[in-house]
Trainee: 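What follows is a structure written as structure tokens; I'll ask about it next.
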Amino acid sequence: MSDALSEKLGHRFHDETLLKRALTHAGADSARSNERLEFLGDRVLALAVAEELYRRYPGEDEGALTRRVHSLVRWEACAKVAEEIGLWGYLVLTRSEAAGGRARGPIVGSALEAVIAALYLDGGPDVARAFIMRWWAPMFADPGSDTRDAKTRLQEWSQGRGRDAGAPVYTLKEQAGPDHAPHFVVEAKVTGFPVVTGEGGSKRQAEQDAAAKLLAAVGQ
């Protein structure tokens, strides 16, 4: 592992095979992929974020805290941190995946969750938490950020237009790709506005992408 990556992670691995596995996408090596680490890292991240939010916002109720947690642990937040530390350049990918494109965000975001798990397993909870507190600090410190996801914001905006507006409708248009790297295309529609198309590595991601594009199209 490079000194530069060690510095950004705040930890030098005793077992570097853990980090190598965290950086290996299933498409490149399904037998040694980061999927199990991603599963663990998602839970480690959620616990650290929930604990920090509980401390920072003593006056907020369960619902408000839940929305904040969802905002800070979804793949977009993980991808943002991953790009800041330059994680993409360390990933083990197939040639087509390495080209990036529309799948880059989910891939690098998932890899960051796997890295968090590797930090947890190699260095313990304090090491993983220190990494999260360091790189999530700007998001924790921004009280004005909108913690609702795109689908929630679109739903609330649509409801605010009155009874005749109707709720957003999402339609799955395409599902392609292998099991380890699926690709979904979803259309989103709100009465009175053009249909927009979203894409992602899961149906949920594609719906969120479509919702975000429709919000942008209506000036929200």
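Numbers here are sequence positions counted from 1.
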Trainee: Would you check, one step at a time, whether the test side chain to side chain donor-acceptor pair (under 3.5 Å) holds for Asp122 with His11?
Mentor: CA-CA 9 Å; Asp122 194 73; His11 178 69; 2.7 Å; yes

Trainee: Would you indicate whether the side-chain heavy atoms of Leu37 and Arg21 approach each other to under 4.5 Å?
Mentor: yes

Trainee: Would you please test Glu84 and Lys80 for salt bridge (Lys or Arg N to Asp or Glu O under 4.0 Å) and show each step?
Mentor: CA-CA 6 Å; Glu84 288 174 356; Lys80 180 177 183 293; 2.9 Å; yes

Trainee: Which pairs pass salt bridge (charged side-chain N to carboxylate O under 4.0 Å, His left out) with one or both residues in residues 40-49, sequence neighbours excluded?
Mentor: none

Trainee: Which pair of heavy atoms, one from Ala210 and one from Ala188, lies closest together, and at what distance?
Mentor: CB-CB, 3.7 Å

Trainee: Verify side chain to side chain contact (heavy atoms under 4.5 Å, CB included) between Val115 and Leu119, making sure each step is shown before the conclusion.
Mentor: CA-CA 6 Å; Val115 167; Leu119 288 168; 4.3 Å; yes

Trainee: Counting only heavy atoms not in Phe131, do more than 12 sit closer than 6.0 Å to its CZ atom?
Mentor: yes

Trainee: Rounded to the nearest 0.5 Å, what's the gap from OH on Tyr90 to CD1 on Ile85? Could you check?
Mentor: 9.0 Å

Trainee: Would you list the pairs meeting salt bridge (charged side-chain N to carboxylate O under 4.0 Å, His left out) in which at least one residue belongs to residues 123-135, sequence neighbours left out?
Mentor: Glu51-Arg129, Glu52-Arg129

Trainee: I'd like to check the side chain to side chain donor-acceptor pair (under 3.5 Å) partners of Gln175; sequence neighbours left out, ordered by chain and number.
Mentor: none

Trainee: Would you say that Asn34 contacts Leu23 through its side chain, given a criterion of any heavy-atom pair below 4.5 Å between the two side chains?
Mentor: no

Trainee: Quick one, Gln208 and Arg74 - any side-chain contact, counting heavy atoms below 4.5 Å?
Mentor: no

